[in-house]
Amino acid sequence: MQMSQLVFKSLRESPSEAEAKSHQLLLRAAYIRRLASGVYSYLPLGLKVLSKVSQIIREEFDRVGAQEVLLPALHPLEIWESTGRAEKMSDVLIHVETKGGSFVLGPTHEEAVIEAVHQDLSSYRDLPAIVYQIQTKFRDEPRSRYGLMRTREFIMADGYSFDADQEGMRSSYRKIYEAYNNAFGRIGIPFEAVEADSGAIGGDVNHEFMSPADIGEDHYAKCPQCDYRANIEAARRRVAIPAILKNLDELPEMSFHYTPDAPGVDIAVEAITKLGVPLTAAEMLKCLVAKDAAGNLFMLLVPGDREIRVPSGLTLLLDDEFEQFPFLYKGFIGPMSAQTNGMSVIADYSVAAKMIFATGGNKAGYHVSGAVLGRDFDVDEFQSLVVVREGDPCPNCGEPLELVRSVEIGHTFQLGLAYSSLLPQASFTGSDGEQYPYFMGCYGIGVTRLIAVIAEHFSDEKGLCWPVSVAPYEVVVVPLGASRSAEVQDTAQSIYNELLGLGVETLIDDRKLSPGVSLADVDLMGIPLEVIVGSKSLAEGCVEVKLRSDGTVLKVGLVDAVSLVTERLRKLK
RNA sequence: CGGGAAGUGGCGCAGUUUGGCAGCGCGCAGCGUUCGGGACGCUGAGGCCGCGGGUUCAAAUCCCGCCUUCCCGACCA
């Protein structure tokens, strides 16, 4: 490709809207252009990268036996109503009214894929099957940001597996897990698979693939000692529970304190301390009330200095929901007699370790101190209920955990029967002639987000710096002063032709520009290998081969130039 | 949805305080001189100053309303 023909013009300064490095560079080097907030066009260079990333993912899906399909982006509203997700995911759904009825733009494709394949997977003989697509998704993000990082329209590679039983599902899951590791490995970015929370999609075991990055919006806990890795939303910590519990008889009585204007933990601690009972936030019991889908109430107990991690399946009560329960005094809730009021009590393990707490008095304006586990309140179940912090003990080995800022680039779910149990058509006939629901899995890679992550990771002060696996071109030939020197012109042209002839994806900067501009543009663009042809080195019978990633330049004789380039390319791959 | 900042030629910005010819740098077009790391001279094109209303002899500038964009937070398969 001749750069004079390429739809490309670099920007010397980045548009003020761009904050993240990847966003700035992708705009400056003419890979993408913004159409609206969180909506981007891919220019020729951007599309080349997108195609390469997609192709790697495609090959790895294919390698484990998944079959590519293409599902619609436009979904009849009814299929979303059929699983209740028109309601559940209403925040992100973009609605489209047409002469033919109400539609939504697909943010994900569980319903659509079932509609697409269930006729063809109607017998146990048809299973297992994995299909995938690489397609545009639409989500009405409340806050798109960081260029391709979080957008309202983005491309995802999403796979769906269909199995006859749980063991089959696990086996399909392992295949995709492997495919993901291979795909991210080929691209060459750092990543780790971590245990994850299943969130709104629901289901059983799942993993997130995280890539550490400064612009990451997620954190995961990592144990430096063992292989424990978990998303902050799923991470647990170890709590040591003393073997000998305190003797109840020797403990102080529970006493009430009048703390009228002290609903939160911090001000309650202050108020109670002022009343002559010194206290820290850690000695306070934070009591939150949540409900499950069936409307059952749960009281969740964590130490006052910790943030709660709400178990999946539960949601905290909203303000107006509190009013439905006269025994709940918001800001003054305590665990005493929770069971009598129909609540199950779930406490963090650390509650069992400490046993004595100050907490809400279950009366407006009152707190208590000296509430003792097993005497003044009871716990139905202990769990790890707090959001882990840097330094918390690893649940496996007890070493202090580290928190890593990262970007979610992929997610794999074992859905089990979560969707197939809701949709009668999501079933097959077993060998006994009965109908059974599919055991499903679903898997997603944010392809366009990946581009942002790659750009973020592979860039320096000069610009982008793509790994060969996804670079828009492998080599760029840069003649310096070609308009003044027929020799430079001819040499560059013949190297270019020769590389093209060998099937190397090559670009030549045939624009009539001064050398500084040309070299700066080419660096900004981030092509892995630059072949610089100038009169100075030509006088010695040489050209220069520059490795963009580390800036090293190798002078090489004319006759060896092409073979050196192809050899270096081979090494880089 | 809450808090903050900003919208002036393709990009970056000044001008708004104190109303009075719409400017600068980059980019773009032409000519010439340059030429191994974003060169220079001359000439030129390109603007509904986000949109709508109001005040005024006069509005980029003051007032009211709206829209858009970005940042922080809430949210997030």
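Order of the sequence lines sets the chain letters (A, B, ...), proteins ahead of strands, with each chain counted from 1.
Contact annotation for Tyr443(A): no contact, since no heavy-atom pair falls under 4.0 Å across all strands. The residue Pro142(A) sits close to a base: some heavy atom pair falls under 4.0 Å. Residue Lys9(A) is in sugar-phosphate contact alone, with no base atom involved, counting any heavy-atom pair closer than 4.0 Å across all strands shown.
Taking side-chain N and O atoms only, Ser16(A) has no distance below 4.0 Å to OP1 or OP2 of C70(B).
Distance, Asp91(A) CG to C75(B) P: 11 Å, rounded to whole Å. The separation between Glu13(A) atom CD and C28(B) atom P is 14 Å, rounded to whole Å. In this entry the distance linking CD of Glu17(A) with C1' of A5(B) reads 15 Å, nearest Å. Nucleotide A6(B) holds its P atom 16 Å from the CD atom of Glu19(A), rounded to whole Å. The nearest whole Å value for the distance from the CE atom in Met149(A) to the P atom in C70(B) is 15 Å. Between the CZ atom of Arg152(A) and the P atom of U68(B) there is a distance of 9 Å, rounded to whole Å. The CG atom of Asp218(A) sits 13 Å away from the P atom of C75(B) (whole-angstrom rounding). In this structure, the CG atom of Leu27(A) is 17 Å from the C1' atom of C26(B), given to the nearest Å.
U16(B) and A60(B) are spaced 7 Å apart, taking the C1' atom of each and rounding to whole Å. When the P atom is compared between G23(B) and C28(B), the two are found 23 Å apart, to the nearest whole Å. Comparing the C1' positions of C42(B) and U34(B) gives a spacing of 15 Å, expressed to the nearest Å. Taking atom C1' on both nucleotides, C62(B) is separated from U55(B) by 8 Å, rounded to a whole Å. Going from the P atom of A6(B) to that of G12(B) covers 16 Å, rounded to whole Å. Annotation: C26(B) and C66(B) have their P atoms spaced 40 Å apart (nearest Å). One C1' atom belongs to C67(B), the other to G50(B), and the distance between them is 7 Å to the nearest Å. Nucleotides G3(B) and U8(B) are separated by 27 Å at their C1' atoms, to the nearest Å.
G65(B): Watson-Crick or G-U partner is C51(B), with both key distances under 3.5 Å. Applying the Watson-Crick and G-U wobble criteria (two distances, each under 3.5 Å), G46(B) pairs with nothing in any strand.
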Per-nucleotide protein contact string for nucleotides 36-41 of chain B (B base, S sugar-phosphate only, - none; heavy atom under 4.0 Å)
BBBS--
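Annotation: side chain of Met3(A) is in contact with side chain of Asp510(A) (closest heavy-atom distance under 4.5 Å).
The CD1 atom of Ile451(A) lies 7.5 Å from the CD1 atom of Ile155(A); values are rounded to the nearest 0.5 Å. Separating the NZ atom in Lys286(A) from the CD1 atom in Ile308(A) is a distance of 7.5 Å, to the nearest 0.5 Å. Atom CD of Glu530(A) and atom CG of Leu507(A) lie 10.5 Å apart (nearest 0.5 Å).
Exactly one residue among Tyr132(A), Phe191(A), Phe209(A) makes a ring-ring contact (aromatic ring centres under 6.0 Å, His included) with Tyr180(A). That residue is Phe209(A).
The base of C76(B) lies close enough to the side chain of Arg150(A) for a donor and an acceptor atom to sit less than 3.5 Å apart.
Side-chain contact annotation: Tyr173(A) with His207(A), donor-acceptor N/O pair under 3.5 Å present.
Note on Arg236(A) versus Glu195(A): salt bridge recorded, some NZ/NE/NH1/NH2 to OD/OE distance being below 4.0 Å. Taking the charged nitrogens against the carboxylate oxygens, Asp214(A) and Lys21(A) have no contact shorter than 4.0 Å, which rules out a salt bridge.
By the ring pair (Phe, Tyr, Trp, His ring centres under 6.0 Å) test, Tyr496(A) is found to be paired with no residue, residues two or more places apart in sequence or in another chain being considered.
Candidate nucleotides G73(B), C28(B), C70(B) were compared by shortest atom distance to the side chain of Arg34(A), and C70(B) ranks first.
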